Amino acid sequence: MADLQAPRGMSDVLPEDEPLWRFVRDTAERVARSFDYRLINTPIVEDVRVFSRTSGDESDIVSKEMYVFEDRGGGELALRPEGTAAVCRAYIEHGMGSRPQPVRLYYFGPMFRYDRPQAGRYRQLWQFGVECIGDPSPAADAEIIELQYTLFRELGLDDLTLSINSIGTAETRRTYVDVLRRHLEPHLEGLSQDSQRRFGTNVLRILDSKEDAGHPALQSAPSILDYLTDEDAQHFEAVRSLLDASGVPYEVAPRIVRGLDYYARTVWEFEPPAAEGSDSGQQGTVSAGGRYDGLMELLGGPPTPGTGTAMGVERTVLNLRARGIEAPSAAPVDVVTIPLGGQGPAAALRLAQSLRAAGLTVRAGIPGRSLRAQLRGADAAGARYAAILGDDEAARGVVQLKHLARDGEQREVAVGDAAGVVGSE
RNA sequence: GUGGGUGUCGCCUAGCGGUCUAAGGCGCCAGGUUGUGGCCCUGGAGAGCGGGGGUUCAAAUCCCCUCACCCACCCCA
């Protein structure tokens, strides 16, 4: 094995992987644009405060998963762990608040988290995300969810389940956390160690516990939905009826919470159906998002509502592969040139130029190899035609066009006619 | 961060203490005509067994450490 390898948890996307990636990316961009979302590219590094202020210093992302480094000017930079905060920073920086609201944006790029890698979890992960900024209404939430839903359908992932919840606003959450604490406290002894730890750090997470899922204390736990303010409840109700209207199936899951502090009200996740057998792939969430009113203020901007979602590209590709879904096949090689002799190479170069100019895909043959070897190579490449050019052809301004894809019939045509012949089939 | 598993040519795999200066398949390169493919045949290049250290007369084969990957937990996309 080579002594130099890609950094832990980071991997190469090889040419053979690329068609599926391109399928995901192209489909994502097409769907986003069809909802009138526009691309925004932000740097992959940001001032660390973009994330520490917004994700919450206590969050795992900030406390232990960020790649932070000092640049030569002494500033603290971070490899971005997620996209939303960076997009919001750009929104503020470029005064997008004075554009027609809401501003609809999408991004596609790598994120970095210093996690322990495992199936579906990487230190460099790609996300496709959409953000609808400047609209507090339930319609924006429903639009984002519908967009994501549409994208999964277009990709052929039609068995993902959508879970939605409302976690209210900061105050309702505080109230609910107190209630939940009081409810769980008497049962603490009987809960798992993880849950006991989370009782101190993040009570809401206990609801998500796999270990304690069947515990009576959890089954009887109060639902956050019962603690929503009237406004929160109305908002959630409206999101639901809009989803109903657009035919997006979902289930309400009062137990889902999100990892980042800036979420408010609507939150959601798309997950593949629980795998048969037992313990496969707990890294299931393919896409997740929520409303983040309040985030802008954490970044020093004016109060601005927003909602968005992010999809894990690797996990999406994993799900496509698991279902045997393949990317539309790439364009084949139209012609492989086969230069022979002393004059062939130059003639082949000129021919290749003119064929490419005509929009054809041409692989240059390698001078010096035998005709036999070159034809074998052309065949292996799956080329439709081989264009043989030796001294004789070069002198006469012709080329031997051999139709590999068929029976190998070969005919001599003038160099100038080659593009027409190849292009006509 | 915690626990478990794996690690032999580019890929897949055999070997599991001496017959291994490591074998096979795929792929790659070349040849089987002087300028003709796909099948087939022949030959060739390519690893010293993830790395390091031990044990032993002898290690790919045993032990330890380390690295990487995989799986689970935590957390998350």
Side-chain angles (χ1 to χ4, degrees), chain A residues 1-11 14 16 55 58-65 81-84 109-129 148 192-195 197-198 201-202 205 208-211 256-260 268-272 278-289 308-319 336 338-341 344 365-366 368-393 400-410:
Chain A
M1 184 172 288
D3 60 338
L4 252 24
Q5 302 179 49
R8 184 167 196 199
M10 306 192 186
S11 55
L14 299 175
E16 53 269 36
S55 293
E58 300 304 309
S59 69
D60 276 16
I61 282 188
V62 168
S63 61
K64 57 185 203 200
E65 292 175 8
E82 57 109 13
T84 300
M111 308 296 162
F112 301 84
R113 296 181 191 174
Y114 192 84
D115 249 353
R116 177 111 176 226
Q118 75 179 78
R121 190 173 68 188
Y122 311 98
R123 288 185 172 179
Q124 174 175 321
L125 59 124
W126 288 68
Q127 289 188 333
F128 164 73
Q148 180 68 76
S192 67
Q193 291 215 322
D194 278 330
S195 290
R197 179 179 52 76
R198 285 186 285 208
T201 57
N202 191 347
R205 273 267 160 239
D208 234 5
S209 170
K210 286 145 201 133
E211 257 183 283
I256 69 169
V257 292
R258 302 268 74 232
L260 305 177
W268 59 84
E269 294 180 354
F270 282 85
E271 281 183 303
S278 48
D279 47 86
S280 59
Q282 286 300 330
Q283 306 306 320
T285 307
V286 184
S287 166
T309 200
M311 175 181 89
V313 175
E314 288 87 349
R315 288 184 186 180
T316 300
V317 168
L318 244 28
N319 275 279
V336 171
I338 299 188
L340 298 170
I366 299 172
R369 291 191 181 175
S370 70
L371 174 57
R372 177 196 204 79
Q374 296 203 58
L375 277 172
R376 278 180 177 159
D379 186 60
R384 293 165 52 222
Y385 282 93
I388 303 167
L389 290 128
D391 291 326
D392 177 50
E393 288 81 6
Q400 306 293 338
L401 274 186
K402 186 176 176 66
H403 203 163
L404 298 174
R406 289 215 194 124
D407 51 8
E409 70 178 274
Q410 179 172 318

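When reading the values below, keep in mind they use all heavy atoms of this one structure, side chains included, and skip hydrogens, waters and symmetry mates. Quantities reported herein were computed from a predicted structural model and do not represent experimental measurements. In what follows, every chain begins at residue 1, and chains take the letters A, B, ... in the order their sequences are listed.
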Exercise. Starting at CG of L404(A) and ending at C1' of U36(B), how long is that distance when rounded to a whole Å?
Worked result: 10 Å
Exercise. How would you label the contact of R406(A) with the nucleic acid (heavy atoms, under 4.0 Å): base, sugar-phosphate, or nothing?
Worked result: base
For this session: State whether the distance check finds a donor on one side and an acceptor on the other, under 3.5 Å, for side chain R121(A) versus base C75(B).
Result: yes
Exercise. Just wondering, do L404(A) and Y385(A) contact through their side chains at under 4.5 Å, heavy atoms?
Worked result: no
Problem set entry | Anti versus syn assignment for G52(B), with syn defined as within 90° of 0 | anti
For this session: Indicate, with a heavy-atom threshold strictly under 4.0 Å, whether A378(A) touches base, sugar-phosphate, or nothing.
Result: nothing
For this session: Using a heavy-atom cut-off of under 4.0 Å over every strand shown, decide if E16(A) touches base, sugar-phosphate, or nothing.
Result: nothing
For this session: With heavy atoms under 4.0 Å as the rule, sort G382(A) into base, sugar-phosphate or nothing.
Result: nothing
Exercise. What is the distance, rounded to the nearest whole Å, between atom CD1 of I366(A) and atom C1' of G35(B)?
Worked result: 18 Å
Exercise. With sugar-phosphate meaning primed atoms plus P, OP1 and OP2, does T316(A) contact a base, only sugar-phosphate, or nothing at under 4.0 Å between heavy atoms?
Worked result: nothing
For this session: Check the distance between A68(B)'s C1' and M10(A)'s CE and give it to me in whole angstrom.
Result: 14 Å
Exercise. Quick one: L340(A) CG to U34(B) P, roughly how many Å, whole number?
Worked result: 13 Å
Exercise. Can you tell me how far C1' in U6(B) sits from the matching atom in C16(B), rounded to whole Å?
Worked result: 15 Å
For this session: Under 4.0 Å between any heavy atoms, over every strand shown, what does I388(A) touch: base, sugar-phosphate, or nothing? Just pick one.
Result: base
Exercise. Considering heavy-atom distances to RNA chain B, does Y122(A) or Y114(A) have its closest nucleotide positioned more toward the 5' end?
Worked result: Y114(A)
Exercise. Side chain of Q410(A), base of G35(B): donor and acceptor closer than 3.5 Å?
Worked result: no
For this session: Could you give the distance separating G25(B) and G37(B) at their P atoms, to the nearest angstrom?
Result: 24 Å
Problem set entry | Length of the CG-P vector between L14(A) and G27(B), whole Å | 19 Å
Exercise. For C67(B), does OP1 or OP2 lie under 4.0 Å from any side-chain N or O of R8(A)?
Worked result: no
Problem set entry | No-H, no-angle donor-acceptor pair, R372(A) side chain to U33(B) base, under 3.5 Å | no
Seminar exercise, completed: Rounded to whole Å, the CD-C1' distance (Q124(A) to A77(B)) equals 14 Å
For this session: Using only side-chain N and O atoms of S370(A), determine if any of them is under 4.0 Å from OP1 or OP2 of G31(B).
Result: yes
Exercise. Hey, does the side-chain of R113(A) have a donor or acceptor N/O within less than 3.5 Å of a partner on the base of A77(B)?
Worked result: yes
For this session: Side chain of R376(A) only, please: which of G31(B), A77(B), C71(B) is the nearest?
Result: G31(B)
For this session: Establish whether the base of G3(B) is bridged to the side chain of R116(A) by a donor-acceptor pair shorter than 3.5 Å.
Result: yes
For this session: Report the nucleotide, chosen from G35(B), G37(B), A77(B), that has the shortest atom-to-atom distance to any side-chain atom of L371(A).
Result: G35(B)
Exercise. From A68(B), C73(B), G35(B), pick the nucleotide closest to the side chain of Q118(A)?
Worked result: C73(B)
Exercise. With a non-hydrogen cut-off below 4.0 angstrom, is D407(A) in contact with a base, only sugar-phosphate, or nothing?
Worked result: base
For this session: State the pairing partner of G7(B); accept Watson-Crick or G-U wobble contacts with both distances under 3.5 Å, and report none otherwise.
Result: C67(B)
For this session: Just call it for Q400(A): base, sugar-phosphate, or nothing, with non-hydrogen atoms closer than 4.0 Å on any strand.
Result: base
Exercise. Taking the same atom, C1', in C73(B) and in C29(B), what whole-Å distance lies between them?
Worked result: 49 Å
Seminar exercise, completed: Given the options Q127(A), Q148(A), R315(A), S287(A) meets side chain to side chain donor-acceptor pair (under 3.5 Å) only with Q148(A)
Exercise. With respect to the side chain of A373(A), which nucleotide from A30(B), A68(B), U36(B) is positioned closest?
Worked result: A30(B)
